[in-house]
Amino acid sequence: MLAFFLFYVFFRHDDLKEMLDSNKDSLKLEAMKRIVAMIARGKNASDLFPAVVKNVACKNIEVKKLVYVYLVRYAEEQQDLALLSISTFQRGLKDPNQLIRASALRVLSSIRVTIIVPIMMLAIKEAASDMSPYVRKTAAHAIPKLHSLDPEQKEQLIEVIEKLLADKTTLVAGSVVMAFEEVCPDRIDLIHKNYRKLCNLLIDVEEWGQVVIINMLTRYARTQFLNPNINESLLEDGGEKAFYASDDDEEEEDEEKKAEAAALAKRKPYVMDPDHRLLLRNTKPLLQSRNAAVVMAVAQLYFHLAPKAEVGVIAKALVRLMRSHSEVQYVVLQNVATMTIKRRGMFEPYLKSFYIRSTDPTQIKILKTYIKSMDKDFVAASIQAIGRCATNIGEVRDTCLNGLVQLLSNRDELVVAESVVVIKKLLQMQPEQHSDIIKHMAKLIDNIQVPMARASILWLIGEYCEHVPKIAPDVLRKMAKTFTNEEDIVKLQILNLAAKLYLTNSKQTKLLTQYVLNLAKYDQNYDIRDRARFIRQLIVPTDKSGALNKYAKKLFLALKPAPVLESPFKDRDHFQLGSLSHLLNAKAAGYQELPDWPESAPDPSVRNVEVKDSVCAERTVLTEAGSEASGVLLLQTSRGSSTVQDLPLKRSKALTKTRYAQSLLYRSFA
Amino acid sequence: MIHSLFLINNVGDLFLEKHWKSVISRSVCDYFFEAREKAGEPDNVPPVIRTPHHYLINIYRDKIFFVSVIQTEVPPLFVIEFLHRVVETFQDYFGECSETIIKDNLVIVYELLEEMLDNGFPLATESNILKELIRPPNILRSMVNTITGSSNVGETLPTGQLSTIPWRRAGVKYTNNEAYFDVVEEIDAILDKSGSTVFAEIQGVIEACVKLSGMPDLTLSFMNPRLLDDVSFHPCVRYKRWESERVISFIPPDGNFQLMSYQISAQNLVAIPVYVKQNICFFETGSSGRLDITVGPKQTMGKTVECLVVTIHMPKVVLSVHLNATQGTYNYDLVTKILVWDIGRLNPQKLPCLKGSLSLQSGAPKPEENPSLNIDLKIQQLAISGLKVNRLDMYGEKYKPFKGVKYVTKAGKFQVRT
């Protein structure tokens with residue numbers, strides 16, 4: 001049977017080989033299609049390598065493409081044979097058709113054969129100065145491929161990256177920043193000269209490039225600019241605030257004014273670097289992108305870089321993402337949760353859109369309605385969330401408690417149990433006013449079966465037995481009856497309760513305590529036996545009892561600090577938002593730390609570029625043409641920034657307008 | 001970035017794998033299968049799964065899991081968004097995205113994936129660029145190809161790839177130049193027992209079908225743009241013009257695309273098109289209950305409500321229902337416990353009503369809460385927010401295009417609590 005199967009496989013491949021060797025392109029194509037289908041299904045087709053590689057020079061472009069697919073998949077396994085194809089690609093690199101040049105480079109850099117590293121290096125260098133931006137883009141893509149194949153080439157590759165970073169086309173920008181992030185993310189100095197250009201190109205770069213560039217610029221800005229929120233405590237002065245507000249508005253319009261403002265602001269404690277402002281201004285429209293990743297990238301940029309007053313703009317966009325696919329919601333909610341911890345109230349206007357999702361304060365009422373829901377896990381989580389709300393906001397605490405107490409009469413055990421645990425934590429903060437709640441809970445102990453909840457109630461009663469002097473001994477009496485049938489965790493709490501009562505009210509409970517301790521002495525669990533022995537020694541006065549006895553009361557009834565109910569999202573904020581590491585709350589390979597703000601700003605002049613540069617030209621025009629023209633210019637930069645470069649430096653307003661109309665036409669014919 | 005992609009159907013068969021870097025063994029999917037088993041429902045699988053050496057980011061669409069393998073730090077939304085884009089591209093090419101379709105077009109799918117990513121980084125995701133590189137399948141072309149021996153693969157670089165408007169190809173020609181816009185609005189609302197609105201919101205999209213020759217530059221303006229609270233655009237829209245003049249100015253992609261999506265601000269009162277009078281109760285004794293639902297029109301602006309459907313997720317203890325509908329048909333699924341009442345067109349003169357008794361499992365306690373009603377409806381020729389398109393202007397081309405706007409209102413997550 002096996003022999004037959006092997007024969008069959010051999011035979012079938014033989015058939016394919018024959019087709020590949022034929023003269024007809026249609027037969028070759030058919031064979032290649034079948035082979036690619038095999039690869040797609042994960043079947044092994046490596047024994048066909050020699051037959052396939054012969055066709056690399058085939059004239060038919062579709063056959064050629066499929067051969068490329070095959071090569072990229074198997075070249076790593078059959079390095080010697082793969083070398084046969086190299087000369088074809090080298091020829092392809094010189095082809096007049098830019099698509100062929102690009103795809104030759106793509107395949108050449110993808111075949112992961114160590115011997116050809118020098119050839120690849122040469123090809124990348126050449127392609128980096130190719131006429132076609134598409135080929136240059138492919139070169140940028142090839143850089144990380146070569147780097148992963150042979151990390152020793154890093155220095156040379158950085159040179160290429162530096163060259164491509166200076167490229168002015170939008171097509172290349174995203175890919176080269178990607179290469180930068182993968183090969184040399186720490187060489188922040190390479191960005192300086194290109195910073196303004198990247199900011200200005202950003203809106204025209206394709207979506208995926210935007211994400212990468214925004215993330216990189218976030219890191220860059222963290223190292224180069226001062227923290228805009230550093231002086232918030234100093235900002236109480238109203239006049240200064242007004243200064244900031246006006247600064248924001250006019251900066252967008254008028255560059256000159258900003259210079260003035262900057263001069264004025266020298267006396268002020270903090271002024272935003274104009275380049276910092278440029279970044280914030282140019283990324284803001286991208287919040288309206290259809291691509292969730294872009295929106296998230298801008299959101300994290302604003303969150304990490306913007307002055308507090310401006311962060312609010314991202315909330316609306318993030319709420320919009322909630323309407324998207326469930327996977328997107330999942331990621332966005334994780335990020336929103338972190339943001340709310342740091343910046344409370346940011347999402348308050350949009351609470352209705354969140355239902356129960358965030359840990360934001362005022363949503364408690366909405367939360368309550370969800371407790372009626374069917375899904376039990378969900379209910380438990382909501383009750384815990386109520387607890388967190390209550391601890392975070394003083395005013396709603398009473399409402400929360402009342403709501404939770406109502407829940408205690410719920411028929412569903414899990415709801416009650418979860419509520420009890422949360423109430424316990426809340427009561428710990430202010431036990432004095434709530435003795436009736438404790439009484440209510442004492443009554444509940446007859447009904448509740450969930451051990452954790454029983455233990456919590458017992459603990460509460462023991463802790464605050466002074467507030468409920470009549471009930472506490474009675475509870476102990478009941479518990480003593482059922483002691484043997486309880487769970488371990490409950491037994492421990494019974495012991496605690498007994499000890500506490502013995503200390504405060506020994507007259508009534510002496511015998512009961514003795515009884516419970518005796519029961520515990522013969523318990524199966526050694527923890528409980530130990531505890532019983534320990535308590536007995538500590539509280540029951542005997543002749544031999546040590547010095548500890550005197551302190552027993554202090555030991556048991558010491559004032560315990562109230563617990564802090566922490567959100568599970570608490571400790572995530574040290575990761576850059578929107579990153580994989582943040583989502584998993586663990587550092588992923590290749591994660592770049594978001595640096596802290598520098599103490600003092602590094603020299604901003606490193607970003608200055610020669611006047612000839614398009615960016616500078618635009619800036620000069622902005623100052624010369626006055627505010628009206630600059631409005632028009634902003635329109636132009638939104639798409640097709642190339643038109644901006646055509647503008648001569650000095651223009652009257654009217655002329656600029658006609659130019660604008662022309663440029664619209666120009667763009668439509670381009 | 002994205003290292004490999006595995007496609008897995010909902011019974012757990014892995015039917016396609018594609019690697020953009022070194023090959024990763026498909027055994028990495030075992031972690032996914034583990035998570036899949038734990039999750040129960042396919043929708044509950046966590047989108048990001050951590051394994052000792054890799055991270056798996058997956059989406060679930062059209063009964064297929066798209067599982068991507070990641071090795072280094074990457075924004076998770078980047079991957080998720082890309083995977084959704086892959087699905088949309090397949091839908092664009094083959095009309096739908098299903099296991100059979102993908103298996104039938106395995107080679108084209110593979111070529112597409114090859115073009116979309118290079119070394120795991122997106123290369124070409126715009127549909128019109130892809131269509132010039134790899135032509136979508138159609139019967140006529142495949143016949144011609146077999147006879148003439150020409151291929152499905154473009155030989156030159158798509159023009160869109162180099163221009164600043166990559167979403168549109170050059171040299172588009174139509175004999176009838178037409179541009180259609182569909183304004184589709186969905187109402188998300190929660191009504192409480194007494195019928196008052198707890199929460200209501202309108203989400204809208206403008207779907208466009210533009211078949212115009214050359215390079216038209218379109219400007220769409222609204223009568224009342226102030227209504228729009230939050231908007232997101234197709235990349236072709238010029239953001240700055242929207243910010244300064246509240247008009248949508250764009251050079252459209254060729255064919256069907258979503259121009260924008262928007263949200264109507266919460267300050268504006270949302271019109272609720274229907275009201276529901278309901279009474280569902282379960283009796284303490286006798287293990288039975290009653291159900292009485294009447295639906296009527298509320299604020300429909302004189303239009304007819306169509307395709308009205310009421311769906312109720314009954315509690316588990318409801319064994320069967322004995323109801324009587326004055327209009328439409330009802331169906332109770334005993335396994336999923338879902339009662340669906342398909343009413344159809346709402347007649348304001350004679351309100352539809354569903355009445356009858358429910359029988360419960362004997363001995364079981366009565367359900368604590370009444371189930372809530374989900375309502376689905378459709379109103380033609382009405383944008384419930386009142387949004388109106390003012391005019392569409394075309395610059396840059398000389399011919400007169402045919403223009404059309406259509407409005408539809410639908411129910412989104414429309415729920416009535418009982």
Side-chain angles (χ1 to χ4, degrees), chain A residues 25-26 33 36-37 40 42 60-62 65 69 76 97-99 106 112 133-134 141 144-145 170 178 204 206-208 211 285 288-293 296-297 316 320 323 325-328 330-331 352 372 411 578-581 583-584 588-591 634-635 638-640 664-665 668-669, chain B residues 14-19 22 26 43 47-48 50 55 59 70-78 80-81 84 106-107 110-111 114 118-119 121-122 149 151-153 155-157 161-164 166 199 203 215 217 230-235 238-241 243-244 251 263 266 368-369 395-396:
Chain A
D25 278 354
S26 58
K33 279 188 173 169
V36 167
N60 183 315
I61 191 131
E62 195 168 12
K65 262 198 163 170
V69 170
E76 210 173 1
N97 183 338
Q98 51 182 342
L99 183 63
R106 256 184 87 184
R112 293 179 295 276
Y134 185 68
H141 279 262
K145 295 185 208 168
T170 53
M178 182 65 225
D204 290 322
E206 33 88 40
E207 301 153 281
W208 314 107
V211 178
Q288 256 136 31
S289 170
R290 64 167 172 178
N291 188 321
M296 190 66 227
K316 199 194 268 179
R320 165 164 27 93
R323 288 274 302 174
H325 302 285
S326 63
E327 297 89 3
V328 175
Y330 170 82
V331 177
K352 277 193 167 174
K372 296 172 181 169
R411 276 219 316 258
S579 67
L580 184 62
S581 309
L583 189 76
L584 297 164
Y591 173 74
L634 283 178
L635 292 174
S638 68
R639 291 280 163 225
L664 269 181
L665 285 172
S668 47
F669 287 118
Chain B
L14 201 166
F15 63 92
L16 187 140
E17 61 178 74
K18 170 85 184 111
H19 308 275
S22 304
R26 54 165 70 189
D43 293 328
V48 183
R50 201 171 158 192
Y55 305 95
I59 64 164
I70 310 292
Q71 257 181 338
T72 52
E73 170 64 46
V74 58
L77 271 183
F78 185 96
I80 291 171
E81 189 73 27
H84 282 295
L106 208 55
V107 175
Y110 218 71
E111 283 175 333
E114 180 77 27
D118 181 17
N119 196 35
F121 189 75
S151 75
N152 262 339
V153 177
E155 293 194 22
T156 49
L157 187 71
Q161 189 65 276
L162 288 179
S163 74
T164 43
F199 160 81
Q203 311 280 349
M215 274 287 168
D217 193 330
D230 182 42
V231 285
S232 75
F233 296 118
H234 188 276
R238 300 183 178 98
Y239 297 119
K240 296 281 182 186
R241 291 264 329 251
E243 262 169 36
S244 55
I251 295 174
Q263 199 177 0
E368 266 172 59
E369 289 299 325
Y395 305 97

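Chain A is the first sequence line, chain B the second, and so forth, proteins listed ahead of strands; every chain is numbered from 1. As a basis for the values below, the full set of heavy atoms in this structure was taken, side chains included, without hydrogen atoms, waters or symmetry mates. Since this is a predicted model, take the numbers as computed values, not measurements.
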Over all heavy atoms of both residues, which pair between [X] and [Y] is shortest? Give the atoms and the distance, please.
| X | Y | value |
| --- | --- | --- |
| P235(B) | R290(A) | CD-NE, 3.2 Å |
| A292(A) | L77(B) | O-CD1, 3.7 Å |
| H141(A) | P122(B) | CE1-O, 4.1 Å |

query = Side chain, backbone, both or neither: which part of F121(B) has a heavy atom under 4.5 Å from chain A?
reply =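 Both parts, backbone and side chain.
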inquiry  = Pair E111(B), V36(A) - check side-chain contact (heavy atoms from CB on, under 4.5 Å), show working.
reply    = CA-CA 9 Å; E111(B) 283 175 333; V36(A) 167; over 6 Å; no
task = Flag the pair I59(B) / H325(A) as yes when at least one side-chain heavy-atom distance between them is below 4.5 Å, and no otherwise.
result = no
ask   = Is any side-chain heavy atom of M296(A) less than 4.5 Å from a side-chain heavy atom of F78(B)?
value =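 In short, these two side chains do not touch, never coming nearer than 4.5 Å.
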request  = Could you list the residues that satisfy side-chain hydrogen bond (donor to acceptor under 3.5 Å, both in side chains) with S289(A), not counting sequence neighbours?
outcome  =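 For S289(A), no residue satisfies side-chain hydrogen bond (donor to acceptor under 3.5 Å, both in side chains) once neighbours in sequence are set aside.
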So which of [options] has the largest heavy-atom pair count under 4.5 angstrom toward chain A?
| options | value |
| --- | --- |
| K18(B), H84(B), E114(B), E243(B) | H84(B) |
| V48(B), N119(B), L14(B), V107(B) | N119(B) |
| R26(B), E17(B), E81(B) | E81(B) |

ask   = If only atom types and distance count, is the side chain of E327(A) paired as donor or acceptor with the main-chain N or O of P47(B) below 3.5 Å?
value = no
ask   = Under a 4.5 Å heavy-atom cutoff, which of A293(A), A40(A), A37(A) has the most pairs with chain B?
value = A40(A)
request  = Counting only heavy atoms closer than 4.5 Å, note whether V211(A) contacts chain B via side chain, backbone, both or neither.
outcome  =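 Interface part for V211(A): side chain.
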